[in-house]
Peer 1: 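Encoded as structure tokens, here's the structure I'll be asking about.
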Amino acid sequence: MAEYYDTEKIAALISASSEIMLVGHTNPDGDSVGSLIAMGCFLEDMGKRVMRVVPNELPRPLKSVKGKVKIYEFVSSEAYVRERARGCDLVICMDFNDISSRIGALSEVVDGCECPRILIDHHLNPSLSDFSAALSDTSASSTCYLVYKLITGMAGAESITPRMASAIYLGMATDTGKFSYGALTPDLFRAVAVLVERGADIMAVDMAVFNSQSEGRMRLVGFALSEKMVVLHGRRAAYITLTVGELNRFGHKSGDTEGLVNMPMQIEGIDTSALFLETGEGIKISLRSRGADGLDVNTFARTYFTGGGHRNAAGAKSFVSMDETVSRFIEGLRIEDEKRRG
Ligand code: 5GP
Ligand code: MN
């Protein structure tokens, strides 16, 4: 596991700056949004001016959880973001490893900023040469956990406000499947205890994120599991495909398929899962596996598609047909199975 803890340099860069742009990844999730909220509030409390930006639309549950905190969606606020980015003297990229592939058209804006850049992230293969300093630890269960380490290291737990505590908890909870997988270290649970002391409202986060689904999402999940899931018992794998037509039938909104890819792994004997979503720009692939012995889906995504992520959770894009994409996946599973059997 690679670790880069340039914390002193990060503190110095923050101290020397006044206008900071915080950038999250495409299809922002709880960890991305939680890190933007918490880090932004911390910087604002230090007297900095902060602009939080994500490339595309926030899913509905995350919109509600962020409350009054402003997070600009580049797709709908491009002119404003471009204008303010010109005045930034520091950019902090959070919860993604690569500017060129993980933030869409926002990469051009980030590339255009001539100020220093910091990376705070836990994904494999970070493109470190693009950054002046990094807090990058691929063994961390969430970026929010790294934000917690950074903030407490720089200013102590006392600097964590209830809003920051809830936001950090949000990322920790979503990226670990509510503390059920990932790097569940004793220190993670100690951090959660401190967050509760600092006013994290766990029930409110849970309600907003996990119990505020739309009826359409619920029915889409039911349809996907009942009608579209294919179980490959011989490979201990399952996959789901969803076309644009099917997504539209259920009034699909950004974030509605969040977590769907994990569900087939609840079947006994299934430890690899894939979700293939048709979009206007090719097929979005999500891959999941279980544990250190499970399929390395980061490598799988890189080998058979264009993508990456973590060992047990990765994603990719495919620009061939759905049938061809699924065939490539099944063939990949066969090849990897043979390799593992030796
Ligand atoms: P998800 O399946 O939830 O979209 O993504 C799972 C993980 O894979 C995330 O950590 C995400 O950063 C990574 N990931 C998703 N899509 C891509 C992609 O197209 N390229 C790369 N490099 N990583 C991705
Ligand atoms: Mn994350």
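Note that the structure is predicted; figures quoted are calculated from it, not measured. In listed order, ligands and their atoms are each counted from 1.
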Peer 1: Below 4.0 Å from ligand 1: does a non-hydrogen atom of R288 turn up there or not?
Peer 2: yes
Peer 1: Which ligand 1 atoms, with their elements, are less than 4.0 angstrom from a heavy-atom of S286?
Peer 2: 1 (P), 2 (O), 4 (O)
Peer 1: For R311 and G294, indicate whether the former's side chain and the latter's backbone hold a donor-acceptor pair under 3.5 Å.
Peer 2: yes
Peer 1: Would you mind running through ligand 1 and noting each atom that sits below 4.0 Å from a heavy atom of A313?
Peer 2: 7 (C), 8 (O)
Peer 1: Using only atom types and a distance under 3.5 Å, with no angle test, would you say the side chain of S212 pairs donor to acceptor with the backbone of V209?
Peer 2: no
Peer 1: Would the distance check show the side chain of S77 and the main-chain N or O of F74 forming a donor-acceptor pair, the cut-off being under 3.5 Å?
Peer 2: no
Peer 1: Would you confirm whether K48, through its side chain, and I14, through its main-chain N or O, come within 3.5 Å as a donor-acceptor pair?
Peer 2: yes
Peer 1: For ligand 1, which is the ligand I care about here, please tell me if H123 has any N or O atom under 3.5 Å from one of the ligand's N or O atoms.
Peer 2: yes
Peer 1: Less than 4.0 Å is my threshold; does some heavy atom of E258 fall inside it relative to ligand 1?
Peer 2: no
Peer 1: Provide the number and element of each atom of ligand 1 under 4.0 Å from a heavy atom of G307.
Peer 2: 20 (N), 21 (C), 22 (N)
Peer 1: Please step through side-chain contact (heavy atoms from CB on, under 4.5 Å) for the pair D31 and S35, ending with a clear verdict.
Peer 2: CA-CA 6 Å; D31 194 26; S35 4; 4.2 Å; yes
Peer 1: May I ask you to decide if S321's main-chain N or O and E324's side chain share a donor-acceptor pair within less than 3.5 Å?
Peer 2: no
Peer 1: Tell me if the aromatic rings of Y148 and F42 count as close, with their centers under 6.0 Å from one another.
Peer 2: no
Peer 1: Any idea which protein heavy atom is nearest atom 4 (O) of ligand 1, and the distance to it?
Peer 2: K284 NZ, 2.8 Å
Peer 1: Heavy atoms only: which of S318, A274, G315 lies closest to atom 17 (C) of ligand 1?
Peer 2: G315
Peer 1: Hey, is H310 touching ligand 1 through its side chain, its backbone, both or neither, going by heavy atoms under 4.0 Å?
Peer 2: side chain
Peer 1: Look at atom 23 (N) of ligand 1 and find which of G308, S101, A301, A314 reaches it with the closest heavy atom.
Peer 2: G308
Peer 1: Closer than 3.5 angstrom, by distance alone: can the side chain of R219 be matched with the main-chain N or O of F250 as a donor-acceptor pair?
Peer 2: no
Peer 1: Closer than 4.0 angstrom: is that true for some heavy atom of R102 and an atom of ligand 1?
Peer 2: yes
Peer 1: Using modelled atom types only, decide if a donor and an acceptor are shared between the side chain of R217 and the backbone of E258 within a distance under 3.5 Å.
Peer 2: yes
Peer 1: Where the side chain of K9 meets the backbone of S132, is there a donor-acceptor pair that is under 3.5 Å apart?
Peer 2: yes
Peer 1: Look at the side chain of R102 and the backbone N and O of F96, then say whether any donor-acceptor pair between them is shorter than 3.5 Å.
Peer 2: no
Peer 1: Short of 2.8 Å from the Mn ion (ligand 2), name each protein N/O/S atom, waters not counted.
Peer 2: D31 OD2, D95 OD1, H122 NE2, D175 OD2
Peer 1: Judged by atom type as modelled, is there a donor-acceptor pair below 3.5 Å linking the side chain of N298 to the main-chain atoms of G308?
Peer 2: no
Peer 1: Give the atoms of ligand 1, by number and element, whose distance to some non-hydrogen atom of A316 is under 4.0 Å.
Peer 2: 16 (N), 17 (C), 19 (O)
